[in-house]
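Every chain is numbered from 1 and lettered A, B, ... according to where its sequence line falls, protein lines coming before strand lines. Quick caveat: nothing in here was measured; it's all calculated off a predicted structure.
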There are 2 protein chains.
Amino acid sequence: MSQTVDRALSILPLLAEGPADLGQVAERLGVHKSTALRLLRTLHEHGLVYRQSDQRYRLGARLFALAQEAVENLDIREIAHPHLVRLNEQCGHTIHLAVYEEGEVLYIDKVESRYPVRMYSRIGKPVAITVAAVAKLLLADLPESERRVLAEKLDYPMYTARSIPNAPAFLKELATVREQGWATDLGGHEESINCVGAPIRGTDGRVVAAMSVSAPNVVVTADELLTLLPLVRRTADAITREYSGSNVPVSTPANTPAEEGSS
Amino acid sequence: MSQTVDRALSILPLLAEGPADLGQVAERLGVHKSTALRLLRTLHEHGLVYRQSDQRYRLGARLFALAQEAVENLDIREIAHPHLVRLNEQCGHTIHLAVYEEGEVLYIDKVESRYPVRMYSRIGKPVAITVAAVAKLLLADLPESERRVLAEKLDYPMYTARSIPNAPAFLKELATVREQGWATDLGGHEESINCVGAPIRGTDGRVVAAMSVSAPNVVVTADELLTLLPLVRRTADAITREYSGSNVPVSTPANTPAEEGSS
DNA sequence: AATGAGCGTTGCGTACAGCGCAACACCTCA
DNA sequence: TGAGGTGTTGCGCTGTACGCAACGCTCATT
């Protein structure tokens, strides 16, 4: 929409690939060197771009600062965190919290055996959107049209023999997840890792985030991990309640064996 | 330099404080709503800004992606990482890697007892620049004028009784560090944590990064930690050698008790 | 030393892109 | 039903970002 800004911002992904000098930037933008210089200078003033000693440009420190502040301001994260910690204390396994945003799934919190890691190491990398339990939960809640379009666009890498292989299988899985209100990943991403997850909903009942418990099956078998499902769901529901300003119907349709009573 | 881009980029820190609606953005930028809208749209197209369900804007996912890619493309990090892991295996303590950039010190890698964390949790937050061992190492190598100017500009928060209190003390410490070629932080940031660090240099002998080993004194006393100094320096020098395309004089002036022979 | 190629940088006139205005569409309250 | 609050659109004017060309600098090359 705004040409100048558009050009300037296009520089960022370009530099993300690696440092580049003025000429390269100008060429890849298709603009005159002086123009590129002006844009780079502006980016530099805002700290988004850094000029290293060999005069080449690379991404700057402010970027980290912004990303950091952004992730800290996600209120779902803030609300969820203590719940995740408590769940971790109860079961001992790794807990993940994730959100969906415009075609991507992002981990926004993680609690590990010992340390909470505020900014998840995989942020920014392509998340295993076709197999991760949290991804299934988040995508399952999209409007059907959007879900279908997205499913067609995705790649289906076979991380393991149990990875979901194609769009129809994925859509079928999403339908199941949508119906049952929870999701698993049993060795679909890494052979020996299983996950079980549950959705967190906003006031309007839409899924705003998803959480999961992961454990290698040398520690607990998939079946044993599944026994944690009620606990995981209860935690997710507790977060839902708190997030959507106390009690909204916590939407837990059916399908869980025997579990706590009032929703 | 470029007004439009300047305005657009000013939106980012503004949103970093928390979500804001169109009117707020326009007001704080001092521009018309339509202008703010155009800028926000452009930012949105590039994924730097996200529009949440209540129509307010917040920082977007691409920001994380960029920050992530940026940190991964730091070649010092890549070269250093295996060395850091090896050092960690030898001593068991937490290892940090940091760089200096325009008045800030950034952690760019960390190896913990069990997991490597690619993006350090503190990135973006004000690093304890006046007390951290890595900060001392990086600042000690700045040209004297720059060093002095920076030292005057800094705040000197008294994290503990042993924090460096003011500019003269800091400059004195930097001079010592510069001369001896290594640095410590003995309870200057957190009462019970000690660090010992060494510099990594580029082809031209300038310090390009710094690394440190940290441990709480319930695990090892400061004196015990200091016995690791030779090992830390050897690791730093190994990284220096590899980074600056094998052998440059590794600049280890004096001061280390008894240590390995050939540089 | 002198030459020249390859960089980044500067100043400037011009064209066009971004600006603010005003009108509009839509929502929630009263 | 209206009033006040949002976000959105189209448009004419002006200011700004554009590319050009000239300059300065650092390295190689002769």
Practice task
For A/D141 and A/V207, indicate whether the former's side chain and the latter's backbone hold a donor-acceptor pair under 3.5 Å.
Solution key: yes
Problem - Of A/S2 and A/R51, the one whose closest DNA chain C nucleotide lies more 5' - result: A/R51
Practice task
Could you check if a side-chain atom of A/L59 sits within less than 4.5 angstrom of a side-chain atom of A/L48, using non-hydrogen atoms only?
Solution key: no
Practice task
Decide, yes or no, whether a salt bridge links A/R58 with B/E101 under the criterion of side-chain N to carboxylate O below 4.0 Å.
Solution key: yes
Practice task
Check whether more than 12 heavy atoms from other residues, nucleotides or ligands sit under 6.0 Å from atom CD of B/E27, and answer yes or no.
Solution key: no
Handout entry: Proximity to DNA chain D (any heavy atom under 4.0 Å), residues of residues 9-27 of chain A only
Key = none
Practice task
For ring pair (Phe, Tyr, Trp, His ring centres under 6.0 Å), just list the numbers for A/F170 and A/Y156, CA-CA rounded to whole Å, side-chain angles, deciding distance to a tenth of an Å, and then say yes or no.
Solution key: CA-CA 9 Å; A/F170 190 46; A/Y156 293 86; 5.8 Å; yes
Exercise for the section: Look only at the side chain of A/Y100 and the backbone of A/G103, and say whether a donor-acceptor pair between them is shorter than 3.5 Å. Expected result: yes
Exercise for the section: Would you mind telling me which residue lines up with the more 5' stretch of DNA chain C, B/Q3 or A/K33, judged by nearest nucleotide? Expected result: A/K33
Handout entry: Opening and closing nucleotides of DNA chain C in contact with chain B, under 4.0 Å to non-hydrogen atoms
Key = C/dG18 to C/dA22
Exercise for the section: Scan A/S34 against the nucleic acid and name what it touches under 4.0 Å (heavy atoms): base, sugar-phosphate only, or nothing. Expected result: base
Problem - 4.5 Å side-chain heavy-atom contact, B/L174 and B/R178 - result: no
Problem - A/T42 side-chain N/O to B/S2 backbone N/O, donor-acceptor pair under 3.5 Å - result: yes
Handout entry: Exam field: side chain B/R56 to backbone B/D21, donor-acceptor pair closer than 3.5 Å
Key = no
Exercise for the section: Indicate whether the side chain of A/D109 and that of A/H96 have a donor and an acceptor atom separated by less than 3.5 Å. Expected result: no
Exercise for the section: Classify the nucleic acid contact of B/R56 as base, sugar-phosphate or nothing, counting any heavy atom under 4.0 Å across all strands shown. Expected result: nothing
Fill in the blank from the handout: Counted 5' to 3', the first and last nucleotides of DNA chain D within 4.0 Å (strictly under) of a heavy-atom of chain B are D/dG7 to D/dA17
